[in-house]
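Just so it is clear, the structure is predicted and the values come from calculations on it, not from any experiment. Order of appearance sets the numbers: ligands from 1, and atoms from 1 within every ligand.
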Amino acid sequence: MTRTLLGALLVALILALVAPAGAQAKDPRWHFYTSDHHRYRSPWFAGAHRIMIGFGCNRSPWYAHDSRCPGSQGYHHGIDIAMDCGTPLYAGLSGRVLSPSAPGRPGSAYGVHPFRLRVKAYGRSVDILIGHARTVFVKSGERVKAGQRIALASDSGAPDGCHLHFEVRPVDGGYHSAIRPRKWLQLRAVV
Ligand SMILES: [Zn+2]
């Protein structure tokens, strides 16, 4: 065996050992409409992932033009975090699962299993809506504790690949009333 071949095998072996720890499998449908390249951890999901579309006005093609936004930009009512299908989602805060038919009922754009958790935090009660979940492990009316696994991420209702849509609304509010969600998501950048 030549030294070059031996060297190439050694490099391949090192890459095979190192790559899985830092790699994030990429969904070819993902497109990132943000200049933020950080990966974030959160009590709401496993692993560390990038923001795909932030809250508010953005250049993605998925939202109708909104008068609050410049040019032809649309308005996103939550934060999208790109993560592989099957990534576990947790309750980042304790709360109660709302009935799907409770006021503010989410439409089909959120997927087949959108669910809402009413939580009290930062001095107020809000409804937290998780969109695009595939498997939901909690039932309407159930009390969930912070840290409890509640669902798995998926691409249900999402043409732009597997991700978590995280939205915060005032109690019983519709999507038009959504507020800046970042505080409740408790993102911590990976350094
Ligand atoms: Zn979204």
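- Electrostatic pairing of Arg118 and Asp172 counts as a salt bridge here, judged by a charged N lying under 4.0 Å from a carboxylate O.
- Between Leu117 and Val144 there is a side-chain heavy-atom pair separated by less than 4.5 Å.
- Of the candidates Arg29, Met83, Arg134, Cys162 forms a side chain to side chain contact (heavy atoms under 4.5 Å, CB included) with just one, namely Arg29.
- Apart from Val171 itself, the hydrophobic cluster it occupies contains nothing, where clustering links Ile, Leu, Val, Met, Phe, Trp and Tyr at side-chain heavy-atom distances under 4.5 Å.
- Taking backbone and side-chain atoms together, Asp80 has an N/O/S atom less than 2.8 Å away from the Zn ion (ligand 1).
- Because the distance cut-off is set at 2.8 Å, His163 fails to qualify as a neighbour of the Zn ion (ligand 1), as none of its N, O or S atoms comes that close.
- The N, O or S atom of His76 with the smallest distance to the Zn ion (ligand 1) is NE2.
- Looking only at its N/O/S atoms, His165 has ND1 as the one nearest to the Zn ion (ligand 1).
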